[in-house]
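Report on the structure given below.
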Amino acid sequence: MYGEYLKEPIGSIYFFIMFATLSSAILMFRYAVTLRRFLKSFMKISQKVSDGELHSRIQTSASGELGQLARNFNYMMETMENTIEEVEYKHLQLTSVLKSISHGILVIDIDGNIILINDEARKMIKSSCPGEEEGKNIKQIINEMQILTGIKKYIGTRGSNSNDLYLEDETVYKLKIDPVYLQNSKNAIIGSIINIEDITEIIKLENMRKDFVANVSHELKTPLTSINGFVETLIMNENIEVDKRNRFLAIIQKEADRLKRLIEDILLLSSIESKSSIIAEKIRVFDVFKEVYEMVSYITIDKQIDILYNFENEDIFIEGNSDYLKQLFLNLVDNAIKYTAPEGTVEINQYTTNDNVVIEVIDNGVGIPKEDISKIFQRFYRVDKARSRAVGGTGLGLAITKHIVNSLKGTIRVESELNKGSKFIVVLPKKIS
Ligand code: ADP
């Protein structure tokens, strides 16, 4: 009886224990399944993220700790994606800025390792591995020795340093090196910014300007010295014979004329050079030529030179400044007359090819030696100084002509043979309507 009494509660306890064990086993199994599912999707998403799919997010409806973990992960991804986008945008901005800078830019650390470089700098330093410079040392990369020496000299020094490098191929670079300081510290230099500028053209222009000033001074000084000398002689010798006095006065007049022509030509040259856009009017080429023809005909008669012209079409137009075209004709025809002996011939031809007007000025005069042909368009260049001076030349006529042709967007070239004659060929774009 007592045993029966005891059996029942023990059975209930067993049953309860079994029930409890089973329930917790089921719960643990369900939890394990959920956890496994969560871990699987977590692993899948983390794999995607490491493959670069930063927009991937964990899709879960789980609540509790797993849900919180998923939300935290998604939030972390959101922040990371925004930060990376921002960094990428900043990098893109920097690369675009560096690309559009016409100077070579190079950023190095204190040991000379390259941190940043743009395309222009790559070309200038003659990079030994284009596109893969970052992280490498300047000694491995820079093949232009002058640049390398220039940088090494100032690496880690305080303040800006700049010097001009004259390379063997006649290129001139301005190398500027500035230190990069550690943020908020004016003492710790952590690298350098190098700016390389190609100043070849600037130096060339500067030299041309210096040469021009020297030439002008020389050209002006010669007639002035002569005028001065004769004036002084006349002042000192009151009783000079009339013949002699007149001869001196004639020289003074000739030199003064030369000075005037020189100054006029210099002013004309600088006015053509300084005008970036000339007045664009529609010009009938033949009308302008006719004016010049009339102007020079008295000289040709005087010098007994036959001047002939042959215009294929008198109704051809170009666009530009008619005063300049007149000056162009005048310089070429005047030279042809000047450098042709009496009884010679000067011929002016005009014809069209495609959309161009071709003007030829031909003479059977002294001609130009082969080695001088490429130089005659330079300012003050004269094949024979004495001959040019004797015929009243300034040495600027062809330089002016070349500038005019350029301003009319045309070309000019010469064919010449010594003692046989010269042919100047000008090609100008035709005005279509
Ligand atoms: P210049 O005032 O001395 O004539 P230009 O600039 O007009 O100066 O010409 C430069 C030089 O080119 C001249 O000094 C001359 O030696 C040569 N030259 C120009 N045109 C002719 C030509 N038609 N025949 C021969 N030589 C010429």
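Every number for a ligand or one of its atoms is a count from 1 in the order of the listing. All residue numbers refer to positions in the sequence shown, counting from 1.
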Problem set entry | Heavy atom of F424, distance to ligand 1 below 4.0 Å | yes
Exercise. Which is closest to atom 21 (C) of ligand 1 in terms of heavy atoms, Y381, Y339, F377, F380?
Worked result: Y339
Exercise. Hey, is ligand 1 close enough to G397 that some N/O pair sits below 3.5 Å?
Worked result: yes
Exercise. Do any nitrogen or oxygen atoms of G393 come within less than 3.5 Å of a nitrogen or oxygen of ligand 1?
Worked result: no
For this session: Answer side chain, backbone, both or neither: which part of I368 comes under 4.0 Å from ligand 1, heavy atoms only.
Result: side chain
Exercise. At under 4.0 Å between heavy atoms, which part of V391 makes contact with ligand 1: side chain, backbone, both or neither?
Worked result: neither
For this session: On the 0 to 90° scale, with breaks at 30° and 60°, tag the F286-Y309 ring pair as parallel, tilted or perpendicular.
Result: tilted
Exercise. Would G395 count as a contact of ligand 1 if the rule is a heavy atom under 4.0 Å away?
Worked result: yes
Exercise. Listed by chain and number, what are the salt bridge (Lys or Arg N to Asp or Glu O under 4.0 Å) partners of E312, not counting sequence neighbours?
Worked result: none
Exercise. If you measure from each heavy atom of N331 to ligand 1, is any distance below 4.0 Å?
Worked result: no
Exercise. What class does the angle between the rings of F424 and F377 fall in, given that below 30° is parallel, 30 to 60° is tilted and above 60° is perpendicular?
Worked result: perpendicular
Exercise. Side chain, backbone, both or neither: which part of R387 has a heavy atom under 4.0 Å from ligand 1?
Worked result: neither
Exercise. Does any N/O atom on A399 come nearer than 3.5 Å to any N/O atom on ligand 1?
Worked result: no
For this session: Answer side chain, backbone, both or neither: which part of L396 comes under 4.0 Å from ligand 1, heavy atoms only.
Result: backbone
For this session: Decide whether an N or O pair under 3.5 Å exists between R382 and ligand 1.
Result: no
